[in-house]
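Quick notes on the structure that follows.
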Amino acid sequence: MTNGTDAILTGEPLYRVEGLTKTYGSGPTAVHALRGVDLEIGSGELIVLLGPSGSGKSTMLNILGGLDAASAGHVWFDDADLTGCDDRALTAYRRQHVGFVFQFYNLVASLTARENVALITDIAADPLAPEAALAMVGLDARLDHFPAQLSGGEQQRVAIARAIAKKPRVLFCDEPTGALDSQTGILVLEALQHVNQTLGTTTLIITHNAVIADIADVVWQFADGQLVDRRRNRVRRTASALRW
Amino acid sequence: MSHLARLDWLPVLDRKLLRDMWRLRGPSFAIALMIAAGVGMVLMSFGMMRSLEATRDAYYDRYRFADIFVTAKRVPRHIVADLAALPGVRLAEGRITAGALAALPGVAEPINTRMHSLPLSGRPMINDLVLRQGRWPEPGRANEILANEAFVQAAHLGLGDVMSVILNGKREQLQIVGTVLSPEYVYAIPPGQIFPDNGRFAILWADRDMLAAAFDLTDAVNEIMLRVESGTDRADLIRRIDTRLASYGGTGAYRREDQISERFVANELRQLKTMTTVLPPIFLAVSAFLTHVVLSRLIDTEREIIGLLKAFGYRTAAIVFHYLKLALLLSLGGMVLGTLFGTWLGRGLAVMYQQFFVFPFLQFRIDPDLYALALLAALGSVMSGCLFAIRRAAALTPAAAMQPPLVAHYGGRIAAAIGQMRGLDELTRIILRGLVRRPLRTLLTAIGIGAALALYIASASSHDNVERLIQVSFDQAKREDLMISFTEPRGPDALAALGRMPGVLRVEPLRAVGAILRHGAATKREGITASTPGADLSRLVDIAGRVVEPPESGLIVSTALARSLAIAPGDHVEVEVTEGRRPSWSAHVIAVVDSPIGAPAFMSIDELDRRLGEGARLSGAYLAIDDSQRDEILRALRDTPKIGGIAIIEASRRAIRDTIAETMGIMTLFNTGFAALIVFGVVYNNARVSLAERSRDLASLRVLGFRKSEVAYLLVGELALLTLLALPIGIGMGIALSHYIVDTFSGDLFTIPFALTPATVARAILVVFTAAAGTAWLVSRRVGQLDLVAVLKTRD
Ligand SMILES: Nc1ncnc2c1ncn2[C@@H]1O[C@H](COP(=O)(O)OP(=O)(O)OP(=O)(O)O)[C@@H](O)[C@H]1O
Ligand SMILES: [Mg+2]
């Protein structure tokens, strides 16, 4: 398994980030959410982002995901500079390449699990079947349930299925286990890890739970708007082995 | 919200109130608009109606419009004083009234004129005139006349112009020295017709002695007008007058209500009232509905706050009061706006109709009670609108309120069925389930949009109906080119003489007599029209265009007459002819016919001649002519003695269309605007609420890579479906409303057919869709302003 991971790491970086800065407001009340971040993300890597509240993790992820615009600096995705893109181009980028998983699931309440996934596969070029995506997260038995009829963990796994069904190049997860108990959280992480390994989807997970860092290839530590530490795990643990 | 920072002195709940108001400014704008329209409509329509009625009454009063009219062959002048002495009579005045034909230099078409004598003193005591231009005739100048303003304007004449009038066979050159309005000619309707035709009908007031000489009425009059004390038994007075005048050839006294111009004015005002009172309830209902939607949604989102407040010890009454205040505040702007708008529009419309009716002045006023009524109605609509929502807030227990809302549940059979539908994309599924989840709101929204459709259909269909009326009346019923009336009944040789005129293709007899019809206690003065079976030019035609032949014996009556006399086929009515030897008999009612125009009572010429016992007599003739010889024929007829009137049918057809088009045009224009306003209010409100409820879904979809246009489809598609749903509802309501309006419009002057065309329905749909599309576009632009990041930070 270590070999396999190494092989992926030799590839070209998927993202290159240079001097990324994000400032909210101006003058004395300005908030510097990111103060010049430089980094690279290799294709297929699973990255865990740690850092105290307010350190700029979500801001970073939102800019990488094309949801927010940087104040200065550059983000290259392959050879495209995302920081210069308008809304239309960013929408196309999200649509083709990016999957999101959020703390509060953000499922459409009026669609069943299957339909929530189909929502995305309908607009994707070469998607998985919704049923297959749901099977990957272990939900093949709850296809026709509405979100209100599912537990939090199940909803989050539907969200993961929805995110991976279009076989995105990259998956951004902002505190995917934040609203879940540890047992359910581990189920969700297992699903993420499974997708990363079987589909080779580059995955970025924000968490407050340092234990989760053990499943990562690379761990980033954010503080005060800067990347203060990055380390590579020699061994990746499987999610099922985690305890907290 | 820094502008709200200085509100520390307010109780906290009231501060919340003001912030809610600010937050809800979008939807509350729509509510305010509907309330403004509702309040405005109440003020406008009632204000305008009352003003017009007050104006008419003041006009009649100031210019002493007669209460009772009497016509006779020849009444010695001293009899007028006798009538004045009858109990209850305040004033009586006699005059000479006669029909005549006139010519204008260079115009072949004859002008039908009615001449009235002016008293020696110059100014009439009864039916006084409003001098608009020029001066009163100089006493003793026999060739000076006054003419009604409408004619002078329509015929493009001016002061100093001379008309050549044939008075009882003798040509007189009369000079117009002044133009006037008269309360008895608010509508100037030519004899034998039922619509004004101002360019071809002149009313002239002339020197008394000149007319007396011409018509051999020295020291006599042939028309008497009376003003009576209020509270007088008019029926009794009319009986006394008729008895007194029987030996002078009296044709029966009649009241002001039966006078043709006043009948027309009353009919017109009644129609106006129908049209204008349809609107306010629609707007008030729509604003009630919008209030309901906005408040229900607010209370849904504030369940937890309500629970919290209650848990902290706020009493239910305080919470109910809080939301009531909010609802009131929401409607306040609309009330103020509506009050101003209604007053302004009411005055504007009243001025417009004053000009339409040509009243000499306008008494515009909106009484305080009207303001009170309008505001109470608006309050009532808002209160009923928030009733359900506030009841729900009051019923919430703290514990229940703290639990997550049940509304997120989308189970159920219909939701499952939507899941089964193939070929449906997920966005459309979202729309459908959203609509099905709130069936009441969906239905009411569709009804709201449907109301707009109905309003447009009902008002625009009037146009179709009039077209059908004209078609039936002229293509089927009045197919002659000219309608000639003799100054007095003549024998068959007159008809033969007309038939021998070069260019006359066909002649048919015209026979009409004045009569009084009685059934039980009901009495009605009407003309009886008689004709021969197989007539080809002028025929009795029912509303569907079917020809009705005259009965061998007995009477055919119009629906309106049948209603006012309470008669049905098989009944008998007392007929008393008011001309000639004044025979009376009991006539068998053969049939009741819905005839579009005129002909309230109809019988065969043979029977009428037999009853009158004067041999074959004619009142006039119908002529079909060769169009290339039209001018020669008209000139010849004009100079033929004993012809008192010539109606050119093509011209009356145009006149009818102009008259009706004018009234209806105004209303249709207004109603198109109001229909669009309703659509805007309902659609805008619905879209804003939907946007607010869905903003989380919409932003999530944007995050997932859906384009703005795809996300906007959720809003626009929902509106489109609602509008589609509104079509059958609206068309149904439109047809019903249209029938209602047709029923109230059809008076005793004419019956309006129902003839809504698909083209009108299509136009209504177009108007509604355009308004809906414009509104949807306005709201869908907000999709671009959704904050994608913010929505990810919060829980639903
Ligand atoms: N819309 C905004 N306007 C102003 N400041 C903002 C806005 N969004 C984020 N910030 C600020 O930017 C900084 C970084 O925020 P960010 O959400 O990236 O932190 P985070 O590391 O994700 O924290 P958490 O772990 O609590 O989610 C914070 O100080 C935050 O207050
Ligand atoms: Mg965060």
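Below, chains carry the letters A, B, ... as their sequence lines are ordered, and counting in each starts from 1. In what follows, every heavy atom counts, from backbone to side chain, and hydrogens, waters and symmetry copies are set aside.
Heavy atoms from other residues, nucleotides or ligands lying under 6.0 Å from CZ of B/Phe388 number 12 at most. For CZ of B/Phe29, the number of neighbouring non-hydrogen atoms (other residues, nucleotides, ligands) closer than 6.0 Å is 12 at most. Around the CG atom of A/Asp79, the shell of radius 6.0 Å holds no more than 12 heavy atoms that belong to other residues, nucleotides or ligands.
Heavy-atom distances place no part of A/Asn116 under 4.5 Å from chain B, backbone and side chain included. With a threshold of 4.5 angstrom between heavy atoms, A/Arg114 does not approach chain B through any atom at all. Both the backbone and the side chain of A/Leu67 come within contact range of chain B, with heavy atoms under 4.5 Å apart. For a residue to count as touching a neighbouring chain, one of its non-hydrogen atoms must lie under 4.5 Å from one of that chain's; by this rule B/Asp425 touches chain A with backbone and side chain alike.
Of all heavy-atom pairs between A/Arg95 and B/Phe706, the closest is NH1-CA, 4.0 Å. Across every non-hydrogen atom of A/Lys166 and B/Leu704, the tightest pair is NZ-O, 3.7 Å.
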Criterion side chain to side chain contact (heavy atoms under 4.5 Å, CB included) on A/Val108 and B/Ile430, from CA distance to verdict: CA-CA 8 Å; A/Val108 178; B/Ile430 297 180; 3.6 Å; yes
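At least one side-chain heavy atom of A/Leu111 sits under 4.5 Å from a side-chain heavy atom of B/Arg433.
Between chain B and the residues A/Thr59, A/Asp144, A/Asp87, the most heavy-atom pairs under 4.5 angstrom are made by A/Asp87. Listed options B/Leu788, B/Leu701, B/Asp697 were ranked by heavy-atom pairs under 4.5 angstrom with chain A; first place goes to B/Asp697. The residue among A/Arg88, A/Glu175, A/Arg162 with the most heavy atom pairs within less than 4.5 Å of chain B is A/Arg162.
Formation of a donor-acceptor pair under 3.5 Å by the B/Arg702 side chain with backbone atoms of A/Thr91 is not found in this model.
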